[in-house]
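In what follows, a single structure is set out as structure tokens and then discussed.
Since the structure is predicted, the reported quantities are computational estimates derived from the model, not experimental observations.
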Amino acid sequence: MTIRLYDTNARQIRDFVPLTAGCVSIYLCGATVQAAPHIGHIRSGLNFDIMRRWFAYRGYDVTFIRNVTDIDDKIIKKSAEQNRPWWSIGYENERAFNDGYDALGCLPPTYEPRATGHITEMVEMMRGLIERGHAYEADGNVYFDVRSYEGYLELSNQDLDDLRQPSGEGETGKRDPRDFAMWKAAKPGEPSWETPWGRGRPGWHLECSAMAHKYLGSAFDIHGGGIDLIFPHHENEIAQAKAFGDEFAKYWVHNGWVTMSGEKMSKSLGNSVLVSEMVKRWRPIVLRYYLGTPHYRSMIEYSEEALREAESAFARIEGFVQRVTEMAGGEVAPAVEVPPAFAEAMDDDLGVPQALAVVHTTVRQGNSALAADDKEAAVARLAEVRAMLGVLGLDPLDAHWVSETEGEDLHGVVDTLVRLVLDQRQAARDRKDWPAADAIRDRLSQAGLVIEDSSGGPRWTLGPR
């Protein structure tokens with residue numbers, strides 16, 4: 001049993017060897033809370049939720065940090081545009097992100113630190129970097145001297161001579177245009193904190209270096225985030241942390257984007273699909289299936305058709321779970337272990353598509369057992385399916401999804417009403433009034449219900465959209 005992960009820094013899949021036996025420490029760059037999340041934002045949290053679940057299944061004690069960037073240029077710009085306090089915008093959108101994570105079944109992180117709560121740690125890191133000759137103050141700003149750190153740009157595999165470092169307004173006094181800001185001097189009307197170099201606010205990159213050090217120490221196992229963060233954010237994090245004296249992350253893991261028309265889903269491009277709107281149109285568990293089942297390093301091209309396909313695929317799994325549960329006369333507990341083929345796929349760089357193929361194969365085997373009236377085999381396959389779905393966060397019988405259904409769905413009421421209609425259909429069949437029976441079935445189908453006749457009587461499910 002060895003979990004293997006693609007390490008962006010090594011540019012290859014590596015065996016995972018934890019710094020501390022039996023433990024894994026993960027830092028994920030979380031939300032920048034200038035606006036409500038779209039499904040591209042939530043995909044990253046969902047991918048690393050699956051990683052966290054798999055490590056836990058494999059017996060690791062997981063420490064999972066997902067930060068909140070609650071102060072940056074975009075938030076300040078939104079504050080000015082909306083004439084609202086910056087902290088009001090940040091807190092409102094932080095809650096929207098957490099609502100989105102929760103809606104899609106992501107487990108809460110071990111700790112979720114906010115950047116503004118760690119100014120002291122940032123000042124300490126800047127002071128250490130200045131003392132070591134890796135940073136300098138100019139016009140109230142504090143910059144990192146990129147030429148002072150020999151390993152700079154190894155993660156993104158760039159040439160320093162060709163580098164064009166993004167710079168913000170007011171970043172004056174740089175010794176080299178490629179140097180990046182760790183601290184930005186205060187401007188009138190903007191939030192600021194007192195430091196030995198004057199009032200100002202933190203730069204984005206400094207925040208994560210300081211918070212990773214605070215919660216995971218000088219060395220930790222995995223640093224994660226979207227591929228768009230490789231440069232400049234993660235590259236600059238590494239420079240700060242290692243120049244400060246930290247070993248920092250041992251493995252770098254990056255997830256792909258959700259795209260629309262081949263472009264990264266982005267608010268700035270006007271092509272975002274807000275989570276708050278999507279969960280009104282699609283069941284959250286279906287959204288999780290759609291976003292979580294492609295390989296984490298692959299791109300997902302958003303389309304309504306792809307979501308309908310995901311809905312249909314999950315309905316086949318869910319229908320099997322419901323049928324066997326009904327046949328068994330009660331809940332069937334998940335198996336203690338997942339099937340070996342599923343485990344092999346997950347161990348190999350979190351191969352969820354291959355693991356999901358095992359789920360669907362097991363469902364087909366279970367359906368064959370149902371057709372053969374082999375209750376024991378059907379129950380055994382359901383136990384395996386529930387174990388696998390639990391790892392993926394997709395078990396429809398899990399308390400999270402059951403409570404969601406009870407709180408938001410009138411399933412019990414609908415079931416009673418549908419049963420009345422099905423009784424009328426059965427009465428028509430008993431008197432051999434086939435046109436009336438077919439008409440009732442067609443009307444139910446038009447309402448979005450799928451009617452399945454079985455030896456135990458008719459049963460209904462919601463059909464694909």
Within 45 degrees of the axis of the six-membered ring of F320 and under 6.0 Å from its centre: does R381 put its NZ or CZ there? no

Between Y60 and D221, is any pair of side-chain heavy atoms under 4.5 Å apart? no

4.5 Å side-chain heavy-atom contact, T195 and M122: no

Between Y215 and H118, do the side chains contain an N or O donor and an N or O acceptor separated by less than 3.5 Å? yes

Is the charged tip of R297 near the ring of Y6: under 6.0 Å from the six-membered ring centre and within 45° of its axis? yes

Looking at R11, I'd like to know if its CZ atom is crowded, meaning that more than 12 non-hydrogen atoms belonging to other residues, nucleotides or ligands lie closer than 6.0 Å. yes

Criterion ring-ring contact (aromatic ring centres under 6.0 Å, His included) against H223, the qualifying member of F64, W252, F48: W252

Do D49 and R288 come within less than 4.5 Å of each other through their side chains, counting heavy atoms only? yes

Is the closest side-chain donor-acceptor distance between E301 and T259 under 3.5 Å? yes

Determine whether the aromatic ring centres of residues Y143 and F180 are separated by less than 6.0 angstrom. no

Rounded to the nearest 0.5 Å, what separates atom CE in M260 from atom NE2 in H38? 10.5 Å

If you count heavy atoms of other groups shown closer than 6.0 angstrom to CD of E337, is the number above 12? no

Note, W183 side chain near E137 side chain (heavy atom, < 4.5 Å): no

Would the F97 and H41 ring centres measure less than 6.0 Å apart? yes

Working to the nearest 0.5 angstrom, can you tell me the gap between L153 CG and I238 CD1? 10.0 Å

Is the closest side-chain donor-acceptor distance between Y251 and N9 under 3.5 Å? no

Can you check whether V123 reaches W197 side chain to side chain, under 4.5 Å on heavy atoms? yes

Y152 six-ring centre to R147 NZ/CZ under 6.0 Å and within 45° of normal: no

